Amino acid sequence: MSNEVVSGGGGGCTSIVWFRRDLRIEDNPALAAAVRVGAVVPLFIWAPEEEGHYYPGRVSRWWLKQSLAHLDSSFKSLGTSLITKRSTDSVSSLIDVVKSTGATHLFFNHLYDPLSLVRDQRAKEILTDLGIIVRSFNADLLYEPWEINDDHGHPFTTFTEFWNKCLNMPYDPAAPTLPPKRIISGDVLQCSCDKLIFENETEKGSNALLARAWSPGWSNADKALTAFISGPLIEYSVNCRKADSATTSFLSPHLHFGELSVRKVFHLLRIKQMLWANEGNTTGEESVNLFLKSIGLREYSRYINFNHPYTHEKPLLGHLKFFPWVVDENYFKVWRLGRTGYPLVDAGMRELWATGWLHDRIRVVVASFFVKVLQLPWRWGMKYFWDTLLDADLESDALGWQYISGSLPDSRALDRIDNPQFEGYKFDPNGEYVRRWLPELARLPTEWIHHPWNAPEPVLQAAGVELGMNYPLPILEIGSAKDRLQESLAEMWQLEAASRAAIENGTEEGLGDSSDSAPIAFPQDIMDVDHEPARNVNTNAFARRHQDQMVPSMTSSFLRNSDESSSEHRESYENSRQEVPQEPLRETLNQRSPPTFRHNNSPPQFNINMGLRNVEDIAESSSISRSTRGGGVVPIWCPSSSSSSEQFVVEENDTESSSSYLQRHQHTNELIDWRRLSRAR
DNA sequence: GGTGAATTCAG
DNA sequence: TGAATTCAC
């Protein structure tokens, strides 16, 4: 079945190419495969309800809209057009399109976020059952997550090791391919197209400005890449630490939507690298290495997510679950508004809400302030980034926030607090960035721009700054934040030790194991919904029959856990493993009978109206932030979540799969024993 | 040119 | 904060 090789040559077969975050025609393996088979029906399904909380934010939807229009016009010039469907269930929409076009094949490219892993596996199974030949490909990564392992076949747990391995693989990432010259159109006229609505009237106004700064779409992405590589790249290593830097590539939104192939980026970078190495241009070489590293972090985010598909919800290091987060919605509001009293933080937050963009360094600054100074739960910050960033990307953002909050073995030191005042002089030495985003401080001399609270009164007066009036005093003093952090960490270690002792004594079943404790709910004001009426997901026969969703087996944790696993399990794993990469079609996601779960009927909550707003909007919405929605807002990626929340239940009649699923989660609930690795206090 | 101080920077 | 590297003498 999945080993079957498609016979090429356009023998009257029609293939659906299901586009998701691979909105390009160049170096798109799914599209290329479809073109080889015969007629093509390009399809995009807009089913944001499937994303749960992670309904795309306003700017992200704006980008998607432009990108799809661009893709459609490319298809039109090649002889077909993009079919668009509005849906609450991608799989049933796929079936509709199969039926109306008489397609025999379905091709798509892999995604690695947890929801997609489940949905895609389900799509594969259901459509295969219907006699459709389904193939999926790697279009998003240099190497598939399961290709990168240490000498023992285990996945890496630190970035540096992972990336070294990637850079020293015995084979290169697949070379990028050219776009097809011509496409034989499938019977797209037989298929009704839904008009997709990505913005409401109020959002349109705010979105208008975006088009001045950004050009979504795959061929624009390509131009941006070429321009970056032939221009600012060489200076990347010297400039990349300045908040205002013109050396940023600005490629991340293009990469998020797959308008750009990382493999193409990689190949072009490698060429430059060789060139500069030959010329002895060390700055250039260093720049390439540094930029490659950021590509590597993106790879790593998918890798981590694939191996631990709850990283957007749970810390990877076990002890973090004992950290006493400060659940203070007022702090959260002040941070979002850019009114913390620390100019660099505030400038960043205002830039983010005004433009949907933030320089990488400044993301670290504001996130670090959020987690270490305010001690707010990192998932809130991640959610806000998700809602506001143009390049919002679940895997990358989860990795970033976990890094900042000390939840990874190679995170920043837990007890380290960066002082925004010093960071200010580092990343914005002349205060230009702060002056641009904080007009109330514009006239303050550079000497005081990053610490106005120390400025002499006459200086403040001359600059028209009234602390506490038109610019706030620091919300918290850094020194006391440090003390508070120490206390919190002490408490965390104490609780962790108690829990460990309890487990070792066998007295308690893992006191407070994070898989059983509901995560802190998001505050209401970022969760308020204003979405299209949800359609009933379970109305059609297929959805009802296949209510149970599936996740592809996570190869690594399965193997790593092999001492506890039965040989039967391992065998089935090994067998499936062998069917993974195929030439010329690289069939991928492992097919070993996957674990199943079912989710209950509570409709997912999402957030559509939280995009960029003006100050009044935010202030207004946060005034209702007190009333917290009871519990059930957070989807939890574990079999035994609290009953009030959206929940996944292990299917009992499927012993093999459920046991492997549990096994995987038992393993991950040990949280890698990374706690030992990261004892750094 | 060797040594401690200062600085840089962190996946 | 701490290791690594550069700087000043």
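In what follows, chains carry the letters A, B, and so on, assigned in the order in which the sequence lines appear, proteins first and then strands, with residues in each chain numbered from 1. On a predicted model such as this, the values are computed, not experimentally measured, just so you know.
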Take atom CZ of A/R412 and atom P of C/dG2, then tell me their distance rounded to the nearest Å. 15 Å
Sorted by chain and number, sequence neighbours left out, side chain to side chain donor-acceptor pair (under 3.5 Å) with A/R484 holds for none
Sequence-distant partners of A/W335, ring-ring contact (aromatic ring centres under 6.0 Å, His included), two or more places apart: A/F370, A/Y384
Does A/R270 have any salt bridge (charged side-chain N to carboxylate O under 4.0 Å, His left out) partners at least two apart in sequence or in another chain, and if so, which? none
Under 4.0 Å, heavy atoms only, any strand: does A/L399 hit a base, just the sugar-phosphate, or nothing? base
Residues two or more places apart in sequence or in another chain: which of them pass salt bridge (charged side-chain N to carboxylate O under 4.0 Å, His left out) with A/R361? none
What's the CG-P distance between A/D418 and C/dT1, to the nearest Å? 11 Å
Nucleotide range of DNA chain B contacted by chain A, 5' to 3', under 4.0 Å to a heavy atom? B/dA10 to B/dG11
What pairs with A/D428 under salt bridge (charged side-chain N to carboxylate O under 4.0 Å, His left out), at least two apart in sequence or on another chain? none
